[in-house]
Amino acid sequence: METEDSGNRLRFQLELEFVQCLANPNYLNFLAQRGYFKDKSFVNYLKYLLYWKEPEYAKYLKYPQCLHMLELLQYEHFRKELVNAQCAKFIDEQQILHWQHYSRKRMRLQQALAEQQQQNNTSVK
């Protein structure tokens, strides 16, 4: 029983790490250039990994964009395009732009909240 638990834990960790690697467009380009996406068993494995979209598993992910990439990898056309380094570069740039937008938006929300709390504190006095 203990061996089975440690085996399941190891499998969970390996699959978690692999799924998160899918957030890296350069890694996807690497896999595509080496023909992994042409291997039917690998494509089936990507399909199997869709269970990571379930909340009970997704909560362990540090890079949620990996789920979007995993979803896109279900499409043959996307897998074929990843062979092109320009495609990976474009995805990488879009991820950076999204992160920058999110960071700025979050900073503005935090500033607005801090200002509101400061106003509330001064109006109470």
Side-chain angles (χ1 to χ4, degrees):
M1 184 76 163
E2 189 174 310
T3 307
E4 186 178 320
D5 285 346
S6 65
N8 287 338
R9 187 176 303 114
L10 178 61
R11 182 178 180 172
F12 175 83
Q13 290 171 340
L14 290 172
E15 289 179 356
L16 172 63
E17 186 174 337
F18 178 73
V19 167
Q20 292 192 110
C21 285
L22 300 178
N24 182 341
N26 296 308
Y27 180 62
L28 297 179
N29 177 251
F30 171 86
L31 292 174
Q33 289 181 346
R34 280 149 187 83
Y36 283 90
F37 297 142
K38 294 178 184 174
D39 181 354
K40 190 170 182 128
S41 62
F42 189 79
V43 172
N44 286 337
Y45 181 62
L46 293 172
K47 191 174 201 171
Y48 156 77
L49 290 173
L50 287 171
Y51 76 87
W52 281 96
K53 293 176 72 175
E54 298 299 322
E56 69 227 45
Y57 295 100
K59 68 183 178 183
Y60 296 103
L61 297 170
K62 291 182 183 178
Y63 309 104
Q65 65 269 31
C66 68
L67 294 177
H68 185 64
M69 292 298 155
L70 181 60
E71 185 68 37
L72 291 174
L73 285 168
Q74 305 304 311
Y75 299 97
E76 184 179 7
H77 179 73
F78 182 71
R79 295 191 304 266
K80 286 181 178 179
E81 287 297 320
L82 284 169
V83 172
N84 183 352
Q86 285 302 109
C87 177
K89 185 176 189 283
F90 176 76
I91 293 169
D92 192 40
E93 290 169 351
Q94 294 303 303
Q95 284 182 333
I96 290 169
L97 290 171
H98 177 75
W99 176 78
Q100 288 174 335
H101 172 73
Y102 173 79
S103 296
R104 286 187 201 115
K105 185 176 179 181
R106 184 178 171 118
M107 188 181 302
R108 283 193 300 266
L109 288 172
Q110 288 174 336
Q111 286 174 339
L113 181 62
E115 289 171 4
Q116 183 181 17
Q117 287 176 341
Q118 188 176 21
Q119 287 175 354
N120 290 344
N121 289 342
T122 56
S123 66
V124 169
K125 292 180 181 182

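Open room surrounds CD on Glu76; 12 or fewer heavy atoms of other groups in view lie less than 6.0 Å from it. Within 6.0 Å of CD in Glu17 there are 12 or fewer heavy atoms belonging to other residues, nucleotides or ligands. Within a 6.0 Å radius of OH in Tyr63, other residues, nucleotides and ligands contribute 12 heavy atoms or fewer. Few gaps surround CD on Glu56; more than 12 heavy atoms of other groups in view lie less than 6.0 Å from it.
Here Leu46 contributes atom CG and Phe37 contributes atom CZ; the two are 6.5 Å apart, rounded to the nearest 0.5 Å. Rounding to the nearest 0.5 angstrom, the gap separating the CZ atom in Arg9 from the CG atom in Leu14 is 12.5 Å. Within the model, atoms CG of Leu72 and NE2 of His77 stand 11.0 Å from one another, a figure rounded to the nearest 0.5 Å. Expressed to the nearest 0.5 Å, how far CD1 of Ile91 lies from CD of Gln65 amounts to 11.5 Å. With rounding to the nearest 0.5 Å, the separation of CD in Glu115 from CD in Gln111 is 6.5 Å. Atoms CG and CD, from Leu113 and Gln118 in turn, are 11.5 Å apart once rounded to the nearest 0.5 Å.
Looking at Glu15, its side chain never comes within 3.5 Å of a backbone N or O of Leu49 through a donor-acceptor pair.
In the hydrophobic clustering of this structure, Leu10 does not group with Tyr45; members are Ile, Leu, Val, Met, Phe, Trp, Tyr whose side-chain heavy atoms approach within less than 4.5 Å, directly or through other members. By the rule that hydrophobic residues join a cluster once side-chain heavy atoms approach within less than 4.5 Å of another member, Val43 and Phe78 end up as members of separate clusters. Both Tyr48 and Trp52 sit in one connected hydrophobic cluster of ILVMFWY residues. Membership requires side-chain heavy atoms under 4.5 Å apart, directly or through other members. Tyr75 and Met69 fall within a single hydrophobic cluster, where Ile, Leu, Val, Met, Phe, Trp and Tyr are joined by side-chain heavy atoms under 4.5 Å apart, directly or via other members.
Between Ala58 and Leu67, the shortest heavy-atom contact is CB-CD1, 4.2 Å. Scanning all heavy atoms of the two residues, the minimum distance from Cys87 to Leu82 falls at SG-CD2, 4.2 Å. Shown here for Gln74 and Lys47, the closest heavy-atom pair between the two residues is OE1-CA, 3.4 Å. The two residues Val83 and Gln33 have their closest heavy-atom pair at O-NE2, 3.3 Å. For Leu22 against Leu28, the heavy-atom pair with the smallest separation is O-CD1, 3.5 Å.
Using cut-offs of 30° and 60° for the angle between ring planes, the Phe42 and Phe18 rings count as perpendicular.
Taking the six-membered ring wherever Trp is involved, the centroid distance between the rings of Tyr60 and Tyr57 does not fall below 6.0 Å.
Side chains of Asn24 and Phe30 form no contact here, defined as non-hydrogen atoms less than 4.5 Å apart. Counting heavy atoms from C-beta on, the side chains of Val19 and Leu61 come closer than 4.5 Å.
A search for ring-ring contact (aromatic ring centres under 6.0 Å, His included) contacts involving Phe90 returns nothing, not counting sequence neighbours.
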